[in-house]
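Numbering of residues begins at 1 and proceeds along the displayed sequence.
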Amino acid sequence: MRNRVVKEYTLKDKFIAVFWLLTLTFLWGLTFPIQKLVLNKEVSPFLYNAIRFWIATFLSALLFRKSDWKRGSILGLVMAIAYATQTWGLTITTSTKSGFITSLYIVIVPFFSYLVEHEKVRKLQVVGFTGALIGMYMLSGGISGYNFGDFLTTICGVMYALHVVLITKYSKQVSEYALLTPQFFTVALLNTIFNLFYQSGSDKWSFSLNALFVATFTAVTATIVAIIIQAKYQKVVGSNISALIFVGEPLFAMVLSVLILKEHLTALQFIGGLLMVVSIILGVLNLSEREPEMMERQG
C-alpha cells in the first residue's frame, strides 16, 4: 500500500497565501460601500442580486461543467435568502453596520455545526457569540437604533452560517465546484421572483449603468475569483488562520465606508464594532481544522 504524500508548504507559500486571502477580504469589504452607492430608490436590491448572479451563473457554467443540482439547489435556496436580506437591508442601514452584523455568521457557525454535524460547541465559542451580540447591540445604537435593515442583515448572518455548514457537509460528498452553478442559478432565479413582489417607488425593473458595472464587478471578484482564491490558498494556511484573516472584512467595510460614503461612527458604535471583532476572534480560535470549503462565502 502506497503512503499518501502530504505537501509541505514553505514560508514563502504561506506569505503568498496570506496576501491573496487579505486581498480577498479587502474585496469582500469593498462590496458593502460600492453596493450601497448603487442601491438607491431607482434600483431594486432583488433585481441587482438577480443580475449579479445571472452573470455568475453564466461564468460558472463556462468554468465548471459538472453540476450537482440537488445539493446545489438547497445551498442556493439558503444563499438566496442570505443575499436577499443582506442587499435589502443595505438599502436601509449603513454600510458599516451591514459589514459588522453580517460577520456574525462566523460565531454562529459552531451552533449550526452542532445541529447539522453534531459537533460540540466549545465554551469560548459561546463567549464569542455572546460578546458579538452585545457588540452588535452597541453598534446599532441600542434598541432604538436597531432598525429593520439591521434585522434583515441579522437574518443574512444566520443564513450565511447555515450555508457554511451545509457547504462543509456537501463538499465531503461531491466536488465543491459541482455545487456552484446550481447555487448561482437558484439565487438568480429566486431573486428575480422576489423582485416581482417588491414594492418600489419607481419602476422596479429599472437598472442603471453604474449598478450593472458594480453587479458585474462583484460577480467576478467577490464570487468567482473569491472561490478560486479560497480553493487555492486556504489549504496552505488552514481554516483557523483563514478565519482570522476574514475577521478583517468588517474592518475593511468600515474604513472603506468612511472613505467612500463619508459614514462615521460614534464612540459607542466604535467600541461595539471592536467588541464584535474580538468576539469573532474568540469564536474562531477554537474552530477545529476542517476542509478549506468550510469558510466559503461570497461578499
Please assess Thr218 against Tyr48 for the test side chain to side chain donor-acceptor pair (under 3.5 Å), listing each intermediate value before the final yes or no.
-> CA-CA 11 Å; Thr218 53; Tyr48 170 84; 3.1 Å; yes
ILVMFWY network linking [X] to [Y], side-chain heavy atoms under 4.5 angstrom:
| X | Y | result |
| --- | --- | --- |
| Val127 | Leu274 | no |
| Leu268 | Val258 | no |
| Val225 | Phe217 | yes |

Using a side-chain heavy atom cutoff under 4.5 Å and only I, L, V, M, F, W and Y, what cluster partners does Leu11 have?
-> Phe15
Shortest non-hydrogen contact between [X] and [Y], atoms and distance:
| X | Y | value |
| --- | --- | --- |
| Ala215 | Ile51 | CB-CG2, 4.2 Å |
| Ile55 | Ala219 | CG2-CB, 3.9 Å |
| Ser95 | Lys36 | CB-CB, 4.3 Å |
| Leu259 | Lys262 | O-NZ, 3.4 Å |
| Gly29 | Leu256 | C-CD1, 4.0 Å |
| Leu30 | Ile260 | CD1-CD1, 4.0 Å |

Please list, one pair per line, the donor and acceptor atoms closer than 3.5 Å that link side chains of residues 184-191 to other protein atoms, with sequence neighbours excluded.
from   : atom 1 : to     : atom 2 : distance (Å)
Thr186 : OG1    : Pro182 : O      : 2.7
Asn191 : OD1    : Asn49  : ND2    : 3.2
Asn191 : ND2    : Val187 : O      : 2.9

Take Leu196 and Trp205 through the test side-chain contact (heavy atoms from CB on, under 4.5 Å) and record every step on the way to the result.
-> CA-CA 9 Å; Leu196 292 172; Trp205 297 105; 3.4 Å; yes
Using ring pair (Phe, Tyr, Trp, His ring centres under 6.0 Å) as the criterion, list what pairs up with Tyr177, not counting sequence neighbours.
-> Phe64
Ring pair (Phe, Tyr, Trp, His ring centres under 6.0 Å) filter on Phe112, not counting sequence neighbours, yields none
Sole residue of Phe252, Phe19, Phe32 in ring pair (Phe, Tyr, Trp, His ring centres under 6.0 Å) with Phe26 = Phe252
Taking the six-membered ring for Trp, are Tyr83 and Phe46 ring centroids under 6.0 Å apart?
-> no
For the residue pair Phe148 and Trp88, is the inter-centroid distance of their aromatic rings smaller than 6.0 Å?
-> yes
Kindly indicate whether the side chain of [X], heavy atoms from C-beta on, has any atom under 4.5 Å from the side chain of [Y].
| X | Y | result |
| --- | --- | --- |
| Asn147 | Lys97 | yes |
| Leu75 | Ile167 | yes |
| Val214 | Asn210 | no |
| Ser208 | Val43 | yes |

State the [atom1]-[atom2] distance between [X] and [Y], to the nearest 0.5 angstrom.
| X | Y | atom1 | atom2 | result |
| --- | --- | --- | --- | --- |
| Thr85 | Leu90 | OG1 | CG | 11.0 Å |
| Leu162 | Ile108 | CG | CD1 | 10.5 Å |
| Met159 | Ile81 | CE | CD1 | 5.5 Å |
| Thr94 | Met254 | OG1 | CE | 11.5 Å |

[X] side chain to [Y] main-chain N or O, any donor-acceptor pair under 3.5 Å?
| X | Y | result |
| --- | --- | --- |
| Gln183 | Leu179 | yes |
| Thr87 | Ala84 | no |
| Thr93 | Gly89 | no |

Distance-only side-chain donor-acceptor flag, [X] / [Y], under 3.5 Å:
| X | Y | value |
| --- | --- | --- |
| Tyr233 | Thr23 | no |
| Asp13 | Thr10 | yes |
| Thr223 | Arg52 | yes |

Show your working on side-chain contact (heavy atoms from CB on, under 4.5 Å) between Phe100 and Leu251 and close with a plain yes or no.
-> CA-CA 8 Å; Phe100 275 102; Leu251 295 179; 4.2 Å; yes
Show your reasoning for whether side chain to side chain donor-acceptor pair (under 3.5 Å) applies to Thr181 and Ser60.
-> CA-CA 6 Å; Thr181 301; Ser60 178; 2.8 Å; yes
side-chain contact (heavy atoms from CB on, under 4.5 Å) between Leu261 and Leu37, worked out = CA-CA 8 Å; Leu261 302 176; Leu37 279 174; 3.4 Å; yes
Out of Asp150, Thr96, Ile155, Leu152, which one pairs with Ile101 under the side chain to side chain contact (heavy atoms under 4.5 Å, CB included) rule?
-> Asp150
Apply side chain to side chain donor-acceptor pair (under 3.5 Å) to Trp54 and list each qualifying residue two or more places apart in sequence or on a separate chain.
-> Thr192
Stepwise side-chain contact (heavy atoms from CB on, under 4.5 Å) test for Tyr198 and Leu47 = CA-CA 9 Å; Tyr198 181 63; Leu47 180 60; over 6 Å; no
Pairwise salt bridge (Lys or Arg N to Asp or Glu O under 4.0 Å) hits with a residue in residues 70-81, at least two apart = Asp68-Arg71
Phe111 atom CZ, neighbour heavy-atom count above 12 within 6.0 Å | yes
